[in-house]
Number of protein chains: 2
Amino acid sequence: MEAADRLLTPGEVAALFRVDPKTVTRWAAAGRISSIRTPGGHRRFRESEVRALLEGEAALNA
Amino acid sequence: MEAADRLLTPGEVAALFRVDPKTVTRWAAAGRISSIRTPGGHRRFRESEVRALLEGEAALNA
DNA sequence: TGTCATTAGGGTAATTTGGGAC
DNA sequence: ACTGTCCAAATTACCCTAATGA
């Protein structure tokens, strides 16, 4: 189940979705996307999940 | 309890958290993560603790 | 012994967080 | 209901040189 997938920064995820990093933070806070926190409190996102979200929407639209 | 206390280098821990190796060093200096010092002063981290940090945060986010 | 990638250290930008408001 | 922007504070990233590790 758990793959050693890479982690993405909020800025990277925001760039992929073409939204503001703040919006990504809101998604994480709302539980719409799972996040990992560094000991310092910063968030990291699973690339596999982000990609599934991106491609998933596209698939549903086809 | 099967603590696979394999030791990880700052670079390896940094890769897992998707942060800079210097950041891992800062965590150790701040006491956010326990570290072992080599006689030469370099730091090593317990894999079990690092993994608990990663997976622990993720599990809370179900 | 020598090589070479990694790490420590200190200092300065850039990013992220959190909150509330529009 | 959702997003972008403002703010201040904290965390993280990148710059360098010297030492350590394998």
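Chain A is the first sequence line, chain B the second, and so forth, proteins listed ahead of strands; every chain is numbered from 1.
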Can you tell me the distance, in whole Å, between the [atom1] atom of [X] and the [atom2] atom of [N]?
| X | N | atom1 | atom2 | answer |
| --- | --- | --- | --- | --- |
| B:Glu12 | D:dA22 | CD | C1' | 13 Å |
| B:Ile36 | D:dT20 | CD1 | P | 20 Å |
| B:Phe17 | D:dA13 | CZ | P | 12 Å |
| A:Arg43 | D:dA10 | CZ | P | 17 Å |
| B:Arg37 | C:dT7 | CZ | P | 13 Å |
| A:Phe45 | C:dT17 | CZ | C1' | 11 Å |
| A:Leu7 | D:dA13 | CG | P | 12 Å |

Is it true that A:Glu12 and A:Arg6 have a side-chain N and a carboxylate O under 4.0 angstrom from each other?
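Looking at A:Glu12 and A:Arg6, the cut-off is not met.
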Taking the side chain from A:Arg43 and the backbone from A:Ala28, do they hold a donor-acceptor pair closer than 3.5 Å?
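Not confirmed, A:Arg43 side chain does not pair with A:Ala28 backbone.
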At under 4.0 Å, does any side-chain N or O of [X] touch on OP1 or OP2 of [N]?
| X | N | result |
| --- | --- | --- |
| B:Thr9 | C:dT6 | no |
| B:Thr25 | C:dG9 | no |
| B:Arg18 | D:dA13 | no |
| A:Thr23 | D:dC2 | no |
| A:Trp27 | D:dT3 | yes |

Given side chains that start at C-beta, do those of B:Arg18 and A:Leu8 come closer than 4.5 Å, heavy atoms only?
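Contact flag for B:Arg18/A:Leu8 side chains = no.
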Sugar-phosphate only, base, or nothing, as touched by B:Arg26 at under 4.0 Å among non-hydrogen atoms:
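Touches a base.
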Quick check: on DNA chain C, is the nucleotide nearest B:Arg44 upstream (toward 5') of the one nearest A:Gly11, or the reverse? Name the residue that is more 5'.
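Upstream on the strand: B:Arg44.
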Shortest non-hydrogen contact from B:Phe17 toward A:Pro39
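Taking every non-hydrogen atom into account, CE2-CD, 3.9 Å.
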Which pair of non-hydrogen atoms, one from B:Val24 and one from B:Pro10, has the smallest distance, and what is that distance?
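Result for this residue pair: CG2-O, 3.9 Å.
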In terms of the nearest nucleotide of DNA chain D, which residue is placed more toward the 5' end: B:Lys22 or A:Arg32?
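The 5'-side residue here is A:Arg32.
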On DNA chain D, compare the nucleotides closest to B:Gly40 and A:Pro21; which residue's is nearer the 5' end?
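First, find each residue's nearest nucleotide; the 5'-ward one identifies A:Pro21.
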To the side chain of B:Asp20, which of D:dA13, C:dA8, C:dT16 is closest?
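Taking heavy atoms from C-beta onward, the closest nucleotide is D:dA13.
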